[in-house]
Amino acid sequence: MHNNNPFLVVLFVAASFYRGSDAAASFCVGDLTRQPTPSGYPCKNPENVTVDDFVFTEFVNGNTSNTNKASAVPGFVQQFPGLNGLGLAVARADIEPGGAIPLHSHPAATEMIYVAEGSITAGFISGASNVVYVKKLNKGEVMVFPRGLFHFQVNTGKEHAVGIASFSDSEPGVQLVSLAIFGNDFPSFLVEKTTSIDEAEVKKLKALLGGSG
């Protein structure tokens, strides 16, 4: 029998990513007032730790009234300090029909997504051979995106879709391909040289995505 409860699936997926820690320090709630280190945030004073540090209450439908017709609500360490040092994070994606989570990567984490509502066409691009792996996922199905590889999610169905994602690091990092190229001050003539996209088209895309140069 299939169990389509999304929260049970998230717990299962998160547990599969958990890397454990020393018995002497079973957790280290992140002190977000201090600068993070390569291994995470410094530990919050245990006397100031409360149960709310281990609870994330913002796992709700985000705003899909945008160009992509989609939203992604992260539950990374910055939003959920109890994750600090535990090697996992979560996110919720809401995608309207015809909408998409654009091509992006997570430099620090593998992602696994569970379709809680509707259907999502998802895929990733192999780093070694540029082979594209694409599959339409229906409610109750799961797909994994290996760490650092470009991937996407598109709602090719006719109803609202919800994806629940889990990551293998409390700060997965996110880099959108479109913003990395067109959403900054990367000079247009260099974008043309390095992508073979006409400079006039580059400037149009920069204007659309808030870039300059």
Side-chain angles (χ1 to χ4, degrees), residues 2-18 55-83 86-125 132-180 182-183 208-210:
H2 294 288
N3 189 326
N4 286 332
N5 186 318
F7 300 103
L8 291 179
V9 173
V10 169
L11 289 174
F12 171 78
V13 172
S16 70
F17 284 139
Y18 180 65
V55 177
F56 184 60
T57 61
E58 303 301 319
F59 225 34
V60 295
N61 188 352
N63 181 12
T64 57
S65 300
N66 51 58
T67 303
N68 295 320
K69 297 181 181 180
S71 71
V73 178
F76 298 171
V77 67
Q78 292 88 347
Q79 298 84 27
F80 195 176
L83 295 177
L86 297 183
L88 55 89
V90 293
R92 169 178 170 149
D94 286 86
I95 314 174
E96 301 299 338
I101 302 295
L103 195 66
H104 65 284
S105 71
H106 303 288
T110 290
E111 175 184 347
M112 189 176 286
I113 191 167
Y114 167 80
V115 180
E117 295 179 22
S119 61
I120 296 174
T121 298
F124 67 89
I125 303 170
V132 182
Y133 297 90
V134 181
K135 178 78 173 181
K136 183 176 181 180
L137 306 173
N138 296 310
K139 183 177 179 179
E141 296 183 329
V142 176
M143 186 172 184
V144 65
F145 310 108
R147 174 179 174 175
L149 297 186
F150 293 124
H151 58 284
F152 58 87
Q153 294 92 23
V154 180
N155 185 347
T156 54
K158 296 181 179 180
E159 60 183 15
H160 181 89
V162 177
I164 306 297
S166 184
F167 303 88
S168 62
D169 194 276
S170 60
E171 176 42 86
V174 181
Q175 186 169 39
L176 290 167
V177 174
S178 55
L179 292 181
F182 306 110
L208 178 66
L209 296 171

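Taking 4.5 Å as the limit, every side-chain heavy atom of I125 sits out of range of all side-chain heavy atoms of Y133. In this structure, the side chains of L137 and Q153 stay at 4.5 Å or more apart for every pair of heavy atoms. Side-chain atoms of P97 and K158, non-hydrogen and from C-beta on, never get closer than 4.5 Å to each other. You'll find the side chain of L209 reaches within 4.5 Å of the side chain of L179, heavy atoms only. Taking 4.5 Å as the limit, some side-chain heavy atom of F59 sits within range of a side-chain heavy atom of I164.
Remark: the backbone N or O of P172 is not paired with any side-chain donor or acceptor of H106 at under 3.5 angstrom. For the pair S168 (side chain) and T110 (backbone), a donor-acceptor distance under 3.5 Å is present. Side-chain N or O atoms of D94 include none that pairs as donor or acceptor with a backbone N or O of V162 at under 3.5 Å.
When all heavy atoms are compared, the tightest approach of V144 to F124 is O-CE2, 3.8 Å. Taking each heavy atom of A91 and P74 in turn, the nearest pair found is CB-CA, 4.1 Å.
The CG atom of L83 sits 10.0 Å away from the CD atom of Q78 when rounded to the nearest 0.5 Å.
Between H151 and F145, the ring planes lie parallel to each other; the angle is under 30°, not in the 30° to 60° tilted range.
Under the 6.0 Å cut-off for aromatic ring centres, F152 and H104 do not qualify, their centroids lying 6.0 Å or more apart.
For R147, the salt bridge (charged side-chain N to carboxylate O under 4.0 Å, His left out) test picks out no residue, with sequence neighbours left out.
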